[in-house]
Amino acid sequence: MIANPILLQMKYARVVKLFSELAGISLDKALDFFYNSSEYDLISNGVADLHCMSDGYLAEDLLEEYRNKLEVRN
């Protein structure tokens, strides 16, 4: 299911803000990571209705992806 684009943008903003706080990174860095993440790709393409999940769940999932990418770099 594809969600309303305006509602998706509002969802993205909340998730990015929460992710920024959880990861301890700037909003700019969090936004850049989010838009280049597999989670963004899945949500924006309507896969598994991820946009219906809570902001906290999505932010935690994004944090896990972020940590995994950091581990690969090190």
Side-chain angles (χ1 to χ4, degrees):
M1 177 170 112
I2 303 297
N4 179 300
I6 294 169
L7 295 177
L8 272 181
Q9 291 298 319
M10 293 168 57
K11 180 83 165 177
Y12 296 159
R14 292 190 308 269
V15 170
V16 168
K17 183 177 185 298
L18 186 53
F19 166 61
S20 169
E21 293 168 359
L22 292 172
I25 59 175
S26 70
L27 283 172
D28 287 340
K29 189 172 181 179
L31 188 63
D32 181 56
F33 183 81
F34 175 73
Y35 278 115
N36 291 294
S37 71
S38 59
E39 184 167 296
Y40 169 73
D41 189 46
L42 294 172
I43 295 170
S44 64
N45 288 310
V47 174
D49 291 337
L50 280 176
H51 64 279
C52 296
M53 303 304 270
S54 74
D55 298 347
Y57 174 87
L58 294 173
E60 288 284 341
D61 196 42
L62 194 59
L63 181 61
E64 185 176 327
E65 183 177 341
Y66 179 73
R67 288 179 176 160
N68 287 340
K69 287 188 178 179
L70 283 178
E71 286 178 10
V72 168
R73 290 182 188 162
N74 293 331

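Note that the structure is predicted; figures quoted are calculated from it, not measured.
Enclosure of atom NZ in K69 by more than 12 non-hydrogen atoms of other residues, nucleotides or ligands within 6.0 angstrom is indicated. The number of heavy-atom neighbours closer than 6.0 Å to CD1 of I6, taken from other residues, nucleotides and ligands shown, is 12 or below.
Between D32 and N36, the shortest heavy-atom contact is O-ND2, 2.8 Å. Between F33 and Y66, the shortest heavy-atom distance links the atoms CZ-CA, 3.4 Å. Smallest separation of non-hydrogen atoms from A59 and F19: CB-N, 3.9 Å.
L7 and I43 fall into different hydrophobic clusters, where Ile, Leu, Val, Met, Phe, Trp and Tyr residues are linked whenever their side-chain heavy atoms come under 4.5 Å apart, directly or through other members. In the hydrophobic clustering of ILVMFWY residues, with side-chain heavy atoms under 4.5 Å counting as a link, L42 and Y35 come out together.
Counting heavy atoms from C-beta on, the side chains of L8 and S44 never come closer than 4.5 Å. Under the 4.5 Å side-chain criterion, counting only non-hydrogen atoms from C-beta, N68 is not in contact with E65.
No side-chain donor-acceptor contact under 3.5 Å links S20 to the backbone of A30.
To the nearest 0.5 Å, atom CD of residue E39 and atom CG of residue L58 are 5.0 Å apart. Rounding to the nearest 0.5 angstrom, the gap separating the NE2 atom in H51 from the CG atom in N4 is 10.0 Å. Rounding to the nearest 0.5 Å places CG of L31 at 10.0 Å from OH of Y40.
A side chain to side chain donor-acceptor pair (under 3.5 Å) check over residues 53-62, counting only residues at least two apart or in different chains, returns the pairs K11-D55, R14-D55.
For the salt bridge (Lys or Arg N to Asp or Glu O under 4.0 Å) test, residues two or more places apart in sequence or in another chain that qualify with K17 are E21.
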